[in-house]
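Notes for the one structure printed next.
Just so it is clear, the values below take in all heavy atoms, side chains as well, and ignore hydrogens, waters and symmetry mates. Lettering follows sequence order; numbering is per chain, from 1. What you see is a predicted model, and the numbers here were worked out from it, not measured in a lab.
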2 protein chains.
Amino acid sequence: MKNADSLNFGMQSEIDDKLREHGVRSTVPRRAVLNAAQRRGARFNAEEIYTELRPAGVGRATVFRTLDLLVDMGLLQRLHTDRHCSTYTVCGPDHHHHLVCVRCADVVEISAAAAERAVRAIARDAGYELDSHLLEIRGICPQCQAAARAT
Amino acid sequence: MKNADSLNFGMQSEIDDKLREHGVRSTVPRRAVLNAAQRRGARFNAEEIYTELRPAGVGRATVFRTLDLLVDMGLLQRLHTDRHCSTYTVCGPDHHHHLVCVRCADVVEISAAAAERAVRAIARDAGYELDSHLLEIRGICPQCQAAARAT
DNA sequence: GTGCTTGCAAAGGATTTGCACGCCC
DNA sequence: GGGCGTGCAAATCCTTTGCAAGCAC
């Protein structure tokens, strides 16, 4: 790995802890992927991360492997909006879902207590033992609505 | 197209109407794909349909194109459970979501009025103009629960 | 030192596309 | 008859895998 210094960012120990908590090694490429993801925040895909990190010597496979890892760790979540490639978003540790703007691709985390209750009730009514669920809401964010009105 | 007769099924005129309603032509391959989908009902993918229809001379591309078409028409919906390939399910014309059994792959349609209300409230609270949403609940169906207990 | 991680390149699988032919209306 | 729809095969896209070398602990 050439140019490794450029991949060392702040808050390293925090990232280290998170990785170790999950029983995996803290390596330069992993920190780089996590950092790149966090700088993007909402809505990015593997290719974007790879394009950014490739010059520093990070391989494509590592990006995919690390993204999977981060999803397992609960630091990222996959969005289901796009059909052809996985789209990721950084997210908090607690259970939640996403509101996605169809105009600007902004993503907002929502903790939908009301929806959770509805989901539980639906499963119960159908006699299902609840395992997991997926809720993604698409709409137009306030900023984009304003922009549309201004036109 | 050889062997076209074997692809003509009952309720043809009904299918014809649906296709024409959507402004597309009613063709033998399209009717065949729709019929194969309806006989499966819940949870199938493009490859399964292709395997069934290939001997009758239907091409892979046509299966994919037709499946897309049927989703556009609202006769099918894509499930988001699997990451590596699209899974489809037949569904009614009205807006609804799905309950998917993680054991037996059974799919139940749900018309989740309570969840809809929750979704609308969430969007409104965030200032979003609601566009669409996606709700998929995974769990264990009553039959599989019973089977598990019997073991 | 041990063995988890990595980069590379090649494999893989699902889906799409280009194009000439054929069928629907 | 005109043009949409089709089959075929190749192309493309995203993602995974095999493997030797490298790095973390």
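Side-chain contact check for A/Ser26 and A/Arg31: at least one donor-acceptor pair (N or O, by modelled atom type) lies under 3.5 Å.
As rounded to whole Å, 10 Å separates atom P of D/dT16 from atom CG of A/Leu67. The interatomic distance linking A/Leu70 (CG) with C/dT5 (P) rounds to 13 Å, in whole Å. Look at CG on B/Leu69: it is 15 Å from P on D/dC4, rounded to the nearest Å. Distance CZ (A/Arg60) to C1' (D/dC14): 9 Å, rounded to an integer number of Å. For the pair B/Leu19 CG and D/dG5 P, the computed distance is 10 Å after rounding to whole Å. Here the P atom of nucleotide C/dT5 and the CZ atom of A/Arg31 are 13 Å apart, to the nearest Å. Per the geometry, CD belonging to A/Glu48 stands 12 Å off P belonging to D/dT15, to the nearest Å. Rounded to whole angstrom, the span from the CD atom of A/Glu47 across to the C1' atom of D/dC13 amounts to 10 Å.
With C/dT16, D/dT15, D/dA24 as the choices, the nucleotide that has an atom nearest any side-chain atom of B/Phe64 turns out to be C/dT16. Nearest nucleotide to the side chain of A/Arg25, out of D/dT15, C/dT5, C/dC8: C/dT5. Proximity note for B/Pro29 (side chain, C-beta onward) versus D/dG2, C/dT15, D/dT6: the nearest is D/dT6. Of the candidates C/dG7, D/dG3, C/dT15, C/dG7 carries the atom nearest the A/Val58 side chain, counting heavy atoms from C-beta on.
Residue B/Arg65 is classed as a base contact, given a heavy-atom separation below 4.0 Å to a base. Across all strands shown, B/Arg30 has heavy atoms under 4.0 Å from sugar-phosphate atoms exclusively, and none from any base.
For B/Leu134 against A/His80, the heavy-atom pair with the smallest separation is CD2-CB, 3.9 Å. Of all heavy-atom pairs between B/Tyr50 and B/Val63, the closest is CA-CG2, 4.0 Å. Contact record, B/Ile137 with A/His133: CA-CB, 4.0 Å, taken as the closest heavy-atom pair.
Projected onto DNA chain C by closest heavy-atom contact, A/Gly23 and B/Val24 fall at different nucleotides, the more 5' of which corresponds to A/Gly23. Residue-to-nucleotide proximity on DNA chain C shows that, of B/Ser86 and B/Arg20, the 5′-proximal contact is made by B/Ser86.
Taking the six-membered ring where tryptophan is involved, the planes of B/Phe44 and B/Tyr88 are essentially parallel, since the angle between them stays under 30° and well short of 60°.
OP1 or OP2 of D/dT6 lies within a sub-4.0 Å distance of a side-chain N or O belonging to B/Thr27. Between A/His84 and the phosphate of C/dA14, there is no side-chain N or O to OP1/OP2 separation shorter than 4.0 Å.
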